[in-house]
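In what follows, chains carry the letters A, B, and so on, assigned in the order in which the sequence lines appear, proteins first and then strands, with residues in each chain numbered from 1.
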Amino acid sequence: MATGYFPGCSLEGTAAEFDMSIRCLAQALDLELREIDDWNCCGASAAHQTNHLLGLALPARTIALAAAQGLEEIFAPCAACSNRLIAAQAEWLGDAGVRAEVERAIDMALPAAPVPVRNCIDFLLPHIEKIKTAVTRPLAGKKVACYYGCLLVRPPKVLAFDDPENPTSMETVAAATGAEPVAWGFRTECCGAAFAMSSTASVERLCERILVNAKAEGAHMVIVACPLCHANLDMRQPKGMALPVLYLTQLVGLAVGVAPKALGLKKHITPVAAAIA
Amino acid sequence: MARIGVFICWCGENIGRTVDCPKVAAEAGGFPGVVHAVDYKYMCSDPGQGMIKDAIKEKKLTGVVVAACSPRMHEPTFRRACAEAGLNPFLCEMANIREHCSWVHEEKGDATAKAVQLVRVMVEKVKRNEALFPIKVPVTKRALVIGGGIAGIQAALDIANGGQKVVLVEKEPSIGGHMAQLSETFPTLDCSQCILTPRMVEVAAHPNITLHTYAEVESVSGFIGNFDVKIRLKARSVDIKKCTGCGLCAQKCPQKKIPSEFDEGLGMRTAIYTPFAQAVPNKPVIDRAHCTKFLTGKCGVCQKVCPVGAVDYAQEDTFVEEKIGAIVVATGYRLYDFRNGEKDYGIEGYGEYGYGQYKDVIDGLQFERLASASGPTGGAILRPSDGKAPETVVFIKCVGSRDCAKGLSYCSKICCMYIAKHAMLYKHKVHHGTAYVFYMDIRAGGKNYDEFVRRAIEEDGAVYIRGRVSRIYTRGDKLIVAGADTLLGGAAGGRVEIEADMVVLATAMRPQYGIEALAQKLSIGYDEYGFLTEAHPKLRPVETNTAGIFLAGACQGVKDIPEAVGQASGAAAKVLGLFSSDQLEREPIVARVNQSQCVGCFYCEQVCPYHAIEREEKRDKAGNLIARVAKVNAGLCQGCGACVATCRSNSIDLDGFSEEQVFSEIGGLR
Amino acid sequence: MAMLLARKNLHALLRGAMEKKYRVVGPTRTAGIVLFAELSDPGALCLDELNTQNSIKEFFFPKSETLLTYTLGKKDVAIADDFAPPRTVLIGGRACDARSLVALDRLFGWDYKDKFYFKRREATCVITLACDRFDEACFCTSLGFGPRATEGSDILLVPAEGDAYIVEAVTDKGRALIAELEDVFTEGTPGAEKVAYPEKKFDLAAVKPWLERNFDHPIWKEEFLSCLGCGTCTYQCPMCHCFDIVDEGDIHGGARCKNWDSCQFALFTLHTSGHNPRPAQASRWRQRLRHKFVYYADKFGTEACVGCGRCIRNCPVRLSILDKLVLIGREAAAAPAPPAGAQPRGVTKRWRATTSIFRI
Amino acid sequence: MIEQLRQRARELLGEGKVALVIGHGRGSSPQATFPVFITKADAVDRLVFNPFCRNNLAVYLTRKDIMPKGAVGLVARPEEVRSVAVLVQEQQFDADRVVLIGVACAEPGKEGAACEMLKGRTLKELEAEVAERLKGRDPAQDVAARVKELEAMTPEQRLAFWEKEFSRCIRCYACRQACPMCYCERCIVEKNQPQWIPSSARPLGNYFWNVIRAFHLAGRCIGCGACARACPMGIPLDLLNAKVAREVKESFAYEAGFDHEVPPPMASFRTDDEQEFIK
Amino acid sequence: METTTAEFEPKIIAFLCNWCTYAGADLAGTSRLKYPANIRAIRLTCTGRIEPMFLLKAFQEGADAVLVSGCHPGDCHYTSGNYHARRRWTVFRKLLEFSGIDPRRVLFSWVSAAEGRKWSELVAEITAQVRALGPFTSFERIVKA
């Protein structure tokens with residue numbers, strides 16, 4: 001069962017540590033990941049708003065490549081990427097016309113059967129037992145606030161991943177590390193994502209609400225599975241607040257004994273060291 | 001030789017506009033066997049019916065075809081008219097040239113041509129109609145009422161007071177239903193139990209009423225006037241004849257931490273218990289699922305302490321069989337389960353309200369228990385988590401109702417009123433507290449209803465916010481209610497966040513669990529939500545499509561108390577009407593077996609949903625068995641015709657829809 | 001010197017007839033069986049089988065004949081009954097088939113002259129083929145004629161040495177046809193006839209009296225139980241001629257049809273009352289035999305059986321009329337006719353008393 | 001084997017367990033066996049059995065003029081066993097009215113194929129035994145193959161095909177009379193008020209008759225092929241039956257004649273029966 | 001053929017159960033939903049009453065297609081009529097198809113008393129479909145013969 005790895009642009013830039021943590025976690029749990037050869041941008045946020053066909057064609061090409069390279073599923077860690085891949089695929093699966101148009105656009109044949117696309121949580125879930133056994137540094141006593149944001153669970157009808165209002169999958173994975181997920185209210189609230197540049201103020205307001213509530217519920221750190229969420233929450237912490245924000249893969253990485261450096265924990269703006277000590 | 005009269009109705013403009021009625025009449029006049037064909041503005045009017053009656057007499061008609069609206073609309077009307085003119089009503093048929101023709105087609109030529117054919121079809125059918133005569137069946141004058149809530153109680157009392165026998169079946173240990181749980185009732189704020197309990201006692205004492213509590217309807221067979229009902233009396237583990245209801249057993253029961261159903265889980269009860277103080281009968285039952293004796297075999301305290309030795313662990317379910325003439329279904333409602341959602345009904349539920357993970361988010365009935373003097377808090381409004389009096393309470397309406405995305409599309413109707421009542425009761429008990437109400441609309445159409453809501457707002461100062469709540473989450477011991485106030489400026493309205501101590505969800509009214517199964521047993525219909533369907537939404541609201549079975553209360557649709565009581569009395573009146581004669585007449589659309597052709601494979605017996613097929617043995621003079629053949633019990637037969645279509649040798653036919661009639665109808669379409 | 005038809009000219013003969021606008025009917029193979037049917041072209045003729053599945057009667061007395069059609073009007077009924085059969089050459093029948101026509105002529109012309117039957121007879125020229133072989137079901141010789149008998153034929157073709165048929169013009173109709181198609185025939189010295197005669201299997205003379213004498217006899221109880229009651233024997237029989245007249249149609253009108261019927265059907269004698277004078281297959285078989293060898297013989301001076309054997313070959317349970325006739329012949333020989341007047345009444349009571357297996 | 005068969009018959013008749021044994025009798029050739037009815041123990045030698053015994057003897061079990069009051073012994077090939085199962089299932093007689101003498105041939109119709117007695121005595125045992133024997137092997141593959149051929153055609157072509165086949169039908173009803181399941185007192189084709197099926201041997205009536213006949217065998221036909229063999233005009237009626245039987249099997253997972261205790265498929269239903277074809 | 005199908009108006013004979021589809025068609029009427037006039041409805045008690053012979057007779061009388069419609073599963077006024085009907089049609093339509101009747105001329109649907117819209121859309125849809133198929137000449141040939 002070969003899994004195609006689709007890092008996407010974020011993981012080569014702002015979210016490099018996400019990529020690092022994934023690669024060494026995969027090694028630790030010995031999960032085979034084959035990076036899709038010649039993958040391209042998923043077109044998140046920009047493309048599908050400017051040109052619909054483009055918004056379909058970009059994911060299409062990557063998926064077609066994966067299929068052509070004999071990959072049975074795609075692991076797209078970036079929530080925006082997985083979201084786009086799934087959404088786009090859903091469109092041509094339901095409509096032969098669209099499929100034809102897209103195939104013309106990319107000048108490649110799309111796989112007849114849907115190629116399963118997994119987000120970060122979805123990718124780890126099946127290996128939960130493996131993780132439990134691999135845990136060498138149980139994170140007992142660490143209270144974590146699992147944060148989903150919007151892209152992982154919405155639109156529910158298309159993604160069909162977990163409960164959009166009250167998801168629990170990330171908690172399940174986090175709990176496997178021995179950490180203790182807290183019940184809090186902002187797990188699926190928007191972090192401002194795409195407005196990071198255009199409307200910093202509102203992003204700050206949104207992030208504040210999220211972080212404040214997480215802290216209020218006693219969380220020692222916030223766990224995310226999306227580069228955009230991470231960037232926003234890690235970067236835009238309100239005055240006097242220093243609540244570390246970790247990628248789920250980093251959390252698991254720690255538990256299974258990967259060195260913090262290897263997980264890129266040093267790259268974060270909000271220092272992590274204290275929280276994980 | 002047939003002498004058929006054809007009457008084409010214009011229905012004013014309704015048919016006349018798209019169908020050339022005079023032309024249809026003219027064409028019909030040319031059909032073989034038609035001796036009279038006319039058209040007229042309103043056939044259903046007095047003069048219209050008069051034309052039919054006169055023609056029957058003058059032209060000696062042997063059959064009548066009225067081409068007008070749907071037979072489902074006016075067939076009874078015209079058949080009655082024919083009967084009045086001395087023609088057997090079943091020699092009258094209707095051609096539907098309105099609903100099936102003039103209203104759905106635009107091109108006049110097409111519509112007219114189609115109308116002509118539809119008339120021809122009915123002419124050919126009616127030529128082969130036979131005079132039929134209503135079937136008389138005897139009536140057992142004993143009614144069964146299913147459900148001992150206020151609707152069931154009302155129906156039972158009305159029937160009993162009308163001098164007829166009633167069997168009342170309630171699945172809980174006591175009658176009273178949800179009304180017994182309520183604190184005060186809108187719009188008068190009089191104490192629910194004070195007005196209900198006397199009725200409960202009256203039921204228990206009534207000579208005409210046999211009461212079976214902690215019992216369920218096991219099976220129903222038979223038909224109007226002659227139902228055979230089997231009732232399961234669940235093992236109470238207490239001999240109610242011996243039991244004096246002293247309550248000692250409950251006091252001594254060591255198993256005290258069972259969430260009380262009656263208190264909606266806000267209070268606790270013992271394993272041997274009477275649901276509430278004024279229960280009728282006031283006799284306990286043992287909840288075997290929680291009783292130590294039944295779980296571990298040890299204990300047995302209640303038996304030891306019972307002064308009259310009424311406790312009987314060996315008791316088993318028993319059955320009683322009753323002959324019943326009419327049935328009133330009054331199984332009532334339950335509340336939408338916002339905690340678990342209702343996935344089996346394809347309903348998502350409310351994750352954003354925490355799926356019940358927050359103790360202080362409760363539903364309407366729980367609030368009733370908090371507000372009730374007989375409740376777990378003795379009527380003090382204290383929040384479940386820590387027993388503090390909530391300073392701020394948020395009421396959210398339309399939870400699970402009017403919400404196609406997450407819940408049910410219908411309006412739960414009574415919530416506007418009870419939420420207003422709740423806000424009011426809260427303010428009366430926590431004077432300095434604030435009551436916020438999130439609403440979509442205020443629906444207070446009822447006598448003194450709107451006035452009542454205004455009082456809640458204007459006199460008791462409940463804060464009404466028009467909008468929905470998008471999320472409830474906790475901050476410390478507070479509940480943060482985040483929503484929108486659509487009356488605040490801005491297209492999207494304004495976001496509001498309220499820091500509340502308690503949230504009350506006005507969850508939708510739903511039919512009781514198991515309603516579908518019961519409906520199957522009774523072979524009556526139910527809608528997509530499980531509400532039982534009435535025979536006609538306007539004109540036959542308390543009858544079902546199965547003769548002799550009536551509906552009362554919330555099992556048929558969302559109702560408040562006065563409506564439920566009103567419908568219950570209506571159902572009771574229907575039952576009394578039915579019982580006013582010793583025999584009753586049924587439409588004679590029934591199957592008949594040609595026994596000389598029947599080969600007795602009894603496929604018919606297997607497809608008949610009413611067990612109307614019986615076996616009859618044919619013997620020769622010497623008494624030797626020649627053959628076993630089928631026979632239709634006309635009393636049981638509802639005339640569906642499944643047997644007819646199943647019979648290979650076609651030895652069964654259906655009166656009113658016979659083989660010959662249908663073939664000729666098809667012929668009419670050549 | 002005789003008139004000859006070279007075997008190779010057989011097709012020429014048919015082609016000639018077709019060119020002369022005759023409908024040509026003969027044995028042809030369809031779906032694995034050989035049937036009398038209209039021939040699309042001479043090549044379709046198939047003489048492999050000794051005998052066809054169906055008999056030629058359906059070209060004179062079809063399985064379903066429309067006597068008239070009607071249309072139901074407002075008051076009146078409109079009737080149409082024009083009838084003109086096509087000129088036909090019917091080739092490939094056997095002597096037994098041809099003989100059946102003679103017998104049928106008597107039946108259909110006896111009191112009321114059946115116009116449909118006779119118009120077809122007149123319009124049809126029957127060219128018969130004498131048999132050069134027979135099988136175990138054949139018994140024409142037992143009925144007092146043979147495979148080269150001429151009755152009923154208009155032309156008889158007798159296979160002879162030298163790959164030719166000796167042509168015998170039997171009737172004027174036959175001669176006329178020969179004249180019409182003369183160039184296919186030749187004059188010549190015929191070779192020896194190749195005609196095969198089945199042996200005689202029972203004594204016909206004994207059958208009728210025995211049947212008359214033994215309305216009640218153990219044979220009836222025991223020999224016919226396996227009969228399924230289908231109409232195969234009677235429908236394939238060239239002589240069976242029972243029919244039923246039914247109106248078929250819908251509310252608009254329809255047709256009055258004369259359809260084959262069979263004495264082997266339970267319905268054949270079922271009374272409206274529900275009583276059936278022939279309650280069992282055995283009694284229907286007895287009727288079949290007595291009709292063929294007693295009643296018909298009495299009325300028309302010949303048996304209503306030509307020994308073609310179709311009923312035997314086609315019976316689903318191999319219930320053979322020949323076997324039964326042989327059996328009856330034996331019975332007759334064993335118990336010769338008693339002096340007139342004496343009737344074995346007692347038998348009747350005994351079998352009525354026994355169980356239903358034997359009730360006929 | 002034949003001796004065992006005769007011995008069983010002899011016992012049954014001798015001990016008065018049955019009043020009549022129905023079996024196959026010797027004809028002029030091995031190919032030409034025919035049904036025989038034996039009432040005396042000393043006449044059992046008339047019984048034979050070989051691969052050419054193809055008549056479905058169960059057809060006689062519903063013939064009122066043949067059936068005695070007592071029990072009947074029936075020489076029962078798998079075809080008869082299954083037929084009896086259906087007849088009992090359809091209440092035509094009680095299982096104890098018929099004593100089955102189970103026989104079977106390895107390859108029916110094949111010269112010299114091995115024949116043997118079946119072990120089962122009761123109907124239930126024989127049902128199971130026959131089901132076991134038939135498991136995996138489809139006795140009528142040729143038929144199935146021809147059904148597939150037809151299915152490959154367009155509806156128009158099929159209609160033309162059947163039109164031609166049915167045109168030969170002479171309405172002799174040999175198909176019906178040879179079929180054990182056609183036990184109706186008054187066949188539907190004889191119903192004339194109103195007339196169901198035109199009785200004239202014409203295209204419409206022939207089409208109706210043959211289609212309805214096949215439909216009336218839905219979930220009942222056990223595929224013995226008696227109808228097709230009986231047809232004097234060589235109409236492949238078994239194709240229609242086979243098609244219907246296959247649809248019943250695929251749609252309702254039911255095959256006729258293996259269990260007389262279950263309800264017949266056409267008189268029962270499952271709430272989750274397929275319905276893709278319903279809009 | 002094209003020319004004939006062009007102005008060809010199909011005749012569709014529908015057998016409806018009284019409680020659901022007939023009522024649904026009534027609702028379509030009361031809602032004034034328009035649909036083609038090619039459909040001719042015959043009202044029966046229940047789909048369970050509808051015999052295969054009705055369909056054959058309909059074709060005999062010149063129907064270009066037949067429609068059988070009744071209550072959705074579970075909603076039968078007589079509790080189980082439609083379930084039995086469903087089995088009957090499962091087999092019979094296959095038999096018809098096998099004996100040469102184009103399945104696109106033998107149609108089935110569940111239309112409830114509340115589905116007036118579904119009814120009007122259904123009729124429009126099948127009318128178009130059958131119009132495209134053209135007249136059922138091959139069967140007419142058999143009828144006329």
Side-chain angles (χ1 to χ4, degrees), chain B residues 69-73 94 96 98-107 109-115 117-118 121 125 516 519-520 523-528 533 545-546 589 591 606-610 638-647 650 654 656-657 659 662-663 665-670, chain E residues 9 11 13 15-19 22-23 25-58 60-63 66 71 74-85 88 112-114 116 119-120 123:
Chain B
C69 50
S70 169
R72 298 171 56 85
M73 177 90 184
M94 287 187 73
N96 185 344
R98 192 179 74 176
E99 285 84 346
H100 285 201
C101 190
S102 69
W103 275 350
V104 288
H105 307 319
E106 284 152 314
E107 210 284 302
D110 294 351
T112 306
K114 178 173 177 177
Q117 272 207 329
L118 294 179
V121 166
K125 181 182 188 194
E516 295 87 353
Q520 299 287 0
S523 47
I524 58 178
Y526 50 88
D527 66 16
E528 55 184 310
T533 37
N545 273 329
T546 300
I589 304 300
Q606 301 180 64
V607 299
C608 177
Y610 302 100
Q638 298 289 316
C640 69
C643 53
V644 184
T646 306
C647 182
N650 194 245
L654 182 62
F657 293 88
E659 214 68 8
V662 180
F663 285 1
E665 288 181 74
I666 299 170
L669 289 172
R670 154 86 67 79
Chain E
E9 281 303 329
K11 181 200 291 181
I13 297 184
F15 299 94
L16 311 183
C17 94
N18 176 53
W19 304 99
Y22 194 92
D26 278 359
L27 179 59
T30 36
S31 325
R32 309 295 200 279
L33 302 169
K34 305 292 181 228
Y35 56 80
N38 304 64
I39 192 112
R40 303 279 188 271
I42 290 179
R43 170 171 159 253
L44 290 142
T45 50
C46 175
T47 42
R49 167 71 183 91
I50 299 166
E51 295 165 26
M53 201 61 207
F54 293 173
L55 278 61
L56 293 177
K57 288 277 175 190
Q60 177 183 353
E61 297 294 356
V66 294
C71 310
D75 299 351
C76 178
H77 175 71
Y78 306 100
T79 66
S80 59
N82 53 356
Y83 286 128
H84 289 294
R88 210 171 288 142
S112 80
W119 171 253
S120 61
V123 174

With a 4.5 Å cut-off on heavy-atom pairs, point out which of B/Val121, B/Val104, B/Ile589 contacts chain E the most. B/Val104
Using a 4.5 angstrom heavy-atom cutoff, name the option from B/Ala645, B/Ser70, B/Ala111 with the most pairs to chain E. B/Ala645
E/Arg43 versus chain B, heavy atoms under 4.5 Å apart: side chain, backbone, both or neither? both
Turns out that what part of E/Trp119 lies under 4.5 Å from chain B's heavy atoms comes down to neither
Okay, E/Asn18 and chain B: the region with an atom under 4.5 Å from a heavy atom over there is both
Okay, E/Ile39 and chain B: the region with an atom under 4.5 Å from a heavy atom over there is both
Sorted by chain and number, sequence neighbours left out, disulfide (SG to SG under 2.5 Å) with E/Cys71 holds for E/Cys20
Looking only at non-hydrogen atoms, find the nearest pair between B/Met94 and B/Pro71 and report the distance. SD-CA, 3.7 Å
Tell me, with the steps shown, if E/Glu61 and B/Ile666 meet side-chain contact (heavy atoms from CB on, under 4.5 Å). CA-CA 7 Å; E/Glu61 297 294 356; B/Ile666 299 170; 3.9 Å; yes
Could you tell me which portion of B/Asn650 (side chain, backbone, both or neither) has an atom closer than 4.5 angstrom to a non-hydrogen atom of chain E? side chain
Given that the side chain runs from C-beta out, which part of E/Tyr83 has a heavy atom under 4.5 Å from chain B: side chain, backbone, both or neither? neither
Provide the closest heavy-atom pair for B/Glu665 versus B/Lys125 in the form atom of the first, atom of the second, distance. OE2-CD, 3.4 Å
Which portion of B/Gln638 sits near chain E, non-hydrogen atoms under 4.5 angstrom: both
Which answer fits B/Thr533, side chain, backbone, both or neither, if we ask what part of it has an atom under 4.5 Å from a heavy atom of chain E? neither
CZ-OG1 distance between E/Phe15 and E/Thr47, expressed to the nearest 0.5 angstrom: 13.0 Å
With no hydrogens and no angle check, is any side-chain donor or acceptor of E/Arg40 less than 3.5 Å from a backbone partner on E/Ala63? no
Heavy-atom distance under 4.5 Å to chain B: side chain of E/His77, backbone, both or neither? both
Below 4.5 Å from any heavy atom of chain E, which atoms of B/Phe657 appear? Answer side chain, backbone, both or neither. both
Tell me which of these, B/Leu118, B/Leu654, B/Asp110, has more heavy-atom pairs under 4.5 Å with chain E than the rest. B/Leu654
Give me the atom names and distance for the closest heavy-atom approach of E/Leu27 to E/Ala113. CD2-O, 3.4 Å
So which of B/Met73, B/Arg670, B/His100, B/Glu99 has the largest heavy-atom pair count under 4.5 angstrom toward chain E? B/His100
Would you say B/His105's side chain and E/Tyr35's backbone share a donor-acceptor pair under 3.5 angstrom? yes
Please state whether the side chain, the backbone, both or neither of E/Ala23 comes within less than 4.5 Å of a heavy atom of chain B. both
Residue pairs involving residues 45-58 of chain E (criterion salt bridge (Lys or Arg N to Asp or Glu O under 4.0 Å); sequence neighbours excluded): B/Asp653-E/Arg49, B/Glu659-E/Arg49, E/Arg49-E/Glu51
Please find the pair of heavy atoms, one from B/Ala115 and one from B/Cys101, that lie closest to each other, and give the distance. N-SG, 4.0 Å
Chain B shares the most heavy-atom pairs under 4.5 Å, among E/Ile42, E/Leu33, E/Asp26, with E/Asp26
Report the option among E/Ala25, E/Gly62, E/Cys17, E/Cys46 that has the most heavy-atom pairs separated by less than 4.5 Å from atoms of chain B. E/Ala25
If one checks every heavy atom of E/Leu44 against chain B at 4.5 Å, the contacting part turns out to be both
Quick one: do E/Arg32 and E/Lys34 satisfy side-chain contact (heavy atoms from CB on, under 4.5 Å)? Show the steps, please. CA-CA 6 Å; E/Arg32 309 295 200 279; E/Lys34 305 292 181 228; 4.3 Å; yes
